[in-house]
Amino acid sequence: MESGRSTPNRLELRRDVSAESDVDSPGQGGIRGKDPVHKCHSDPGGGRSEGARALRQHRPPAAPNARKCVLTLDGYSYVIVASPPDGRGGRGSASPQGGAPRGPPSPSHTPPASAASAAPNGQLAKQGSLTIVRRSSGKRLGRTPSSPSCAPAPPDHLLDQVDLATDNLPPVDTPDACDKAALRLRCLLRQLHRGEIPAEVLQKNLNYAAKVLEAVFIDETKRLADEDDELSEVQPDAVPPEVREWLASTFTRQLATTRRKADEKPKFRSVAHAIRAGIFVDRIYRRVSSSAMMQFPPDVVKVLKTLDDWSFDVFGLSEAANSQPVKYLGYDLLNRYGMIHKFKVPPSTLETFLTRIEEGYCRYRNPYHNNLHAADVAQTVHYMLCQTGLMNWLTDLEIFATLVAAIIHDYEHTGTTNNFHVMSGSDTALLYNDRAVLENHHISASFRVMKDEECNILQNLSRDEFREFRTLVIDMVLATDMSFHFQQIKNMRNLLSLAEPTVDKSKAVSLVLHCCDIAHPAKRWDLHHRWTMLLLEEFFRQGDKEQELGLPFSPLCDRNNTLVAESQIGFIEFIVEPSMGVCSDMMECILGPLHSGCKNQDSSQNTPGGHEPIHEDADAQIPKNGQSKFKIKKPWAACLADNKKIWKEQAARDAEARALLQAQKEDDPPISVEE
């Protein structure tokens, strides 16, 4: 079913005309007077910076009589600029008299409809063109929607109060960096005039300002170079793929020239026709896909009703699903978040893919790293996305990648550790040069499965979407390598200690998947204890192999000398608890601004499960600003405390039993053969 986080499509179409043609066209319904969203690039009053104006010297000016409209869809604005049919305003267009641009026609002149096809000397005239540029809601570097591009100089008495220390400056590619650099440059000029600036301070601040300017130059150069006729930024999460292809074939020059004739799409007279056709195709796809959805056994449906619980019983799901938990849980998750519909995944292809993945998990018959573990981690990731509200911070493609990464993160696990592969010199260790041996194999083998046509769930992703998807999955699965654990936790903890931390999405979802991978000690005791016994059996089997090969025992792999309770206490205290704590702090840092922005809205409507995703801690101390600190629900905290208490009681009993056994040995020494 569709994800509840998706908001209804909002369609707004505004017309923005230049000053030379400030009259209503017939049939426009009097929509003149709307404020333009973006001024024309050739307009000197457009509020651009000096650096941007210098960049535009390499670009031909737009035609004075160009038309522009703005299409708003799903939170993105698409600026559509129409160039004249005689070639004026287009890149590289020139007049027949040697390339000088022709002047604008008189305001009263309206080219006939056939002007694009008629030309002197029997030659075809240049056709008009439409340029489409997507404008996201994000802030441009150094600018905010509510602030002007060029702020006035601050008063002199404020410049005297500026701290020129360079220890806690914002990153050079953030909006705040421009303001900081400008203020510091003015302060430096004032102090240079007085002759009281230290050389070291001057050097550090000038170096920072130079880096900021370089970041601005790179950002503006890329934007100005790409915004003419690139449609690659238009992602399917904003526009259905069919509409995107039609827009590309109709309104862009670059993509239309490289498309094969067999792939040509029907052209529409207006953007409105394209949108209507896209909605029509969208409805058809919904009907076809819903009729072809995979059928779920009644017992599986009953178990999946508790999918939103933190301590979900994946063992019960496996029993109901005839030992196919990945197939049904993976399918249900991708359907709940709307991934099947949004990325046009054929239901039969998804079912075949999940079946192949499940078979790979069962290949080595591991007690722990099997399809049950894959389903458990995928469900735990779902809880983190849905019940905390983290999904509202991610794009559809990022959610898709996170769910798939959770499903395939241990695909074809051998039941042995990376260290065992390295020490035994396995072929897999040789292939991946002893580094993240298993994690690299999980990723590589899974993408090989997706290369098969019958398993290619990514077949309808664009090239850019596929690259982003693959990069995210690689980053997330590699982050499950425990050898990266402490560095990963340390880096995130250091980042969150900053005054205004900015969390990278890839690192955030990587930490979430890593924590979900080791989260069974944070589940209900009966589930955690069962997982522990399965994991120990897998370790002991590795120890048996190590003994056969003459290798030293890996930790916890010796059947006769492993302290189960003590090892679990240490694992909880030193690994799981710190990880879940940092992950919680990270999500509160990420979701705090989102929660404050939609505080008056019903957040339960934004989640597939329909539950309250986020809340404020009633016991939190109220800061000086009067606002309580934002908190998320942490059901794992109580489970960790309970499980640790039980293990400590078990450890005490085990210690008493060992002491009693040792005392018996001392009282009854073994009888020698001679005696």
Side-chain angles (χ1 to χ4, degrees), residues 165-174 176-177 310 377 380-381 383-385 387-394 398 402 405-406 409 436 439 472 474-523 568-596 613-617 619-621 623 627-641 643-644:
T166 58
D167 296 331
N168 297 317
L169 288 173
V172 296
D173 57 349
T174 57
D176 193 36
W310 169 250
V377 173
T380 309
V381 167
Y383 184 95
M384 291 297 193
L385 292 176
Q387 300 304 105
T388 67
L390 185 64
M391 57 176 289
N392 299 310
W393 182 64
L394 301 172
E398 289 162 350
T402 302
H409 81 282
E439 289 73 23
L472 283 170
I474 290 173
D475 290 345
M476 282 186 275
V477 177
L478 286 180
T480 62
D481 183 358
M482 284 301 296
S483 65
F484 301 147
H485 168 80
F486 290 105
Q487 189 62 44
Q488 186 179 11
I489 298 300
K490 178 182 177 181
N491 291 343
M492 184 58 67
R493 185 180 285 118
N494 291 339
L495 175 63
L496 296 176
S497 66
L498 300 178
E500 296 181 359
T502 301
V503 182
D504 179 76
K505 285 189 174 182
S506 176
K507 290 182 173 58
V509 291
S510 295
L511 179 60
V512 167
L513 178 58
H514 171 56
C515 291
C516 293
D517 190 26
I518 60 175
H520 74 80
K523 299 294 182 71
Q568 288 304 304
I569 294 171
F571 185 57
I572 292 175
E573 290 184 341
F574 295 104
I575 302 296
V576 182
E577 276 187 335
S579 300
M580 299 302 292
V582 172
C583 188
S584 302
D585 294 342
M586 178 194 71
M587 288 191 289
E588 290 172 353
C589 173
I590 291 169
L591 299 174
L594 296 180
H595 179 263
S596 61
I614 48 181
H615 69 95
E616 292 182 4
D617 190 354
D619 298 330
Q621 296 181 355
Q627 296 181 355
S628 59
K629 183 180 179 182
F630 170 76
K631 294 288 185 180
I632 63 172
K633 298 176 181 177
K634 304 181 183 70
W636 50 83
C639 293
L640 284 170
N643 294 340
K644 186 164 60 172

*Asks:* Indicate yes or no: at least one non-hydrogen side-chain atom of Val503 is less than 4.5 angstrom from one of Met492.
*Replies:*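 Yes, side chains in contact.
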
*Asks:* Evaluate the side chain to side chain contact (heavy atoms under 4.5 Å, CB included) criterion for residues Val509 and Glu398: first the C-alpha distance (whole Å), next the side-chain angles of each, then the deciding distance (0.1 Å), finally the verdict.
*Replies:* CA-CA 9 Å; Val509 291; Glu398 289 162 350; 5.8 Å; no

*Asks:* Please lay out, stage by stage, how Lys507 and Asn491 fare under the test side chain to side chain contact (heavy atoms under 4.5 Å, CB included).
*Replies:* CA-CA 10 Å; Lys507 290 182 173 58; Asn491 291 343; over 6 Å; no

*Asks:* Side chains of Thr480 and Asp517: is there a donor and an acceptor less than 3.5 Å apart?
*Replies:*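 On atom types as modelled, these side chains do not qualify, holding no pair under 3.5 Å.
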
*Asks:* Please round to the nearest 0.5 Å and tell me the distance separating atom CH2 of Trp636 and atom SG of Cys583.
*Replies:*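 Nearest 0.5 Å value for the CH2-SG distance: 6.5 Å.
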
*Asks:* Quick one: side-chain hydrogen bond (donor to acceptor under 3.5 Å, both in side chains) partners of Lys490, sequence neighbours excluded?
*Replies:* none

*Asks:* Applying the side chain to side chain contact (heavy atoms under 4.5 Å, CB included) test to Trp310, which of Lys633, Lys634, Lys523 qualifies?
*Replies:* Lys523

*Asks:* Leu495 and Pro501: which non-hydrogen atoms are nearest, and at how many Å?
*Replies:* O-CB, 3.2 Å

*Asks:* Side chains of Pro578 and Arg493, heavy atoms from C-beta outward: is any pair under 4.5 Å?
*Replies:* yes

*Asks:* How close do Ile590 and Ala508 get, heavy atom to heavy atom, and via which atoms?
*Replies:*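 Of all heavy-atom pairs spanning Ile590 and Ala508, the closest is CD1-CB, 4.1 Å.
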
*Asks:* When rounded to the nearest 0.5 angstrom, what is the spacing between CD1 in Ile572 and CD1 in Ile518?
*Replies:*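 Rounded to the nearest 0.5 Å, the CD1-CD1 separation comes to 11.0 Å.
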
*Asks:* Under 4.5 Å between any side-chain heavy atoms of Glu573 and Lys644, yes or no?
*Replies:* yes

*Asks:* Please name the residue in the list Thr402, Ile632, Leu594, Leu385 that meets the side chain to side chain contact (heavy atoms under 4.5 Å, CB included) test with Leu390.
*Replies:* Leu385

*Asks:* Compare every heavy atom of Thr380 with every heavy atom of Ala519, then report the nearest pair and how far apart it is.
*Replies:*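 Here Ala519 and Thr380 meet closest at CB-CG2, 4.3 Å.
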
*Asks:* If you measure from SG on Cys589 to CG on Leu496, what distance do you get to the nearest 0.5 Å?
*Replies:* 5.5 Å

*Asks:* Taking atom CZ of Phe574 and atom OG of Ser579, what is their separation to the nearest 0.5 Å?
*Replies:*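 So the gap between those two atoms works out to 13.0 Å.
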
*Asks:* Let me confirm one number: the CE-CD1 distance from Met580 to Ile575, rounded to the nearest 0.5 Å.
*Replies:* 13.5 Å

*Asks:* Is the shortest side-chain heavy-atom distance between Val582 and Gln488 below 4.5 Å?
*Replies:*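 No, side chains not in contact.
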
*Asks:* I need the Leu478 CG to His409 NE2 distance, nearest 0.5 Å.
*Replies:* 13.0 Å

*Asks:* For residues Val377 and Cys516, report the shortest heavy-atom separation together with the two atoms involved.
*Replies:*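 Minimum heavy-atom separation between Val377 and Cys516: CG2-O, 3.9 Å.
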
*Asks:* Does any N or O in the side chain of Lys505 come within less than 3.5 Å of the main-chain N or O of Trp393, such that one atom is a donor and the other an acceptor?
*Replies:*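 Side chain of Lys505 to backbone of Trp393: a pair is present.
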
*Asks:* Side chains of Pro171 and Thr502: closer than 4.5 Å at any heavy-atom pair?
*Replies:*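 Of all side-chain heavy-atom pairs linking Thr502 with Pro171, none is under 4.5 Å.
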
*Asks:* Is the shortest heavy-atom distance from the side chain of Met587 to the side chain of Met384 under 4.5 Å?
*Replies:* yes

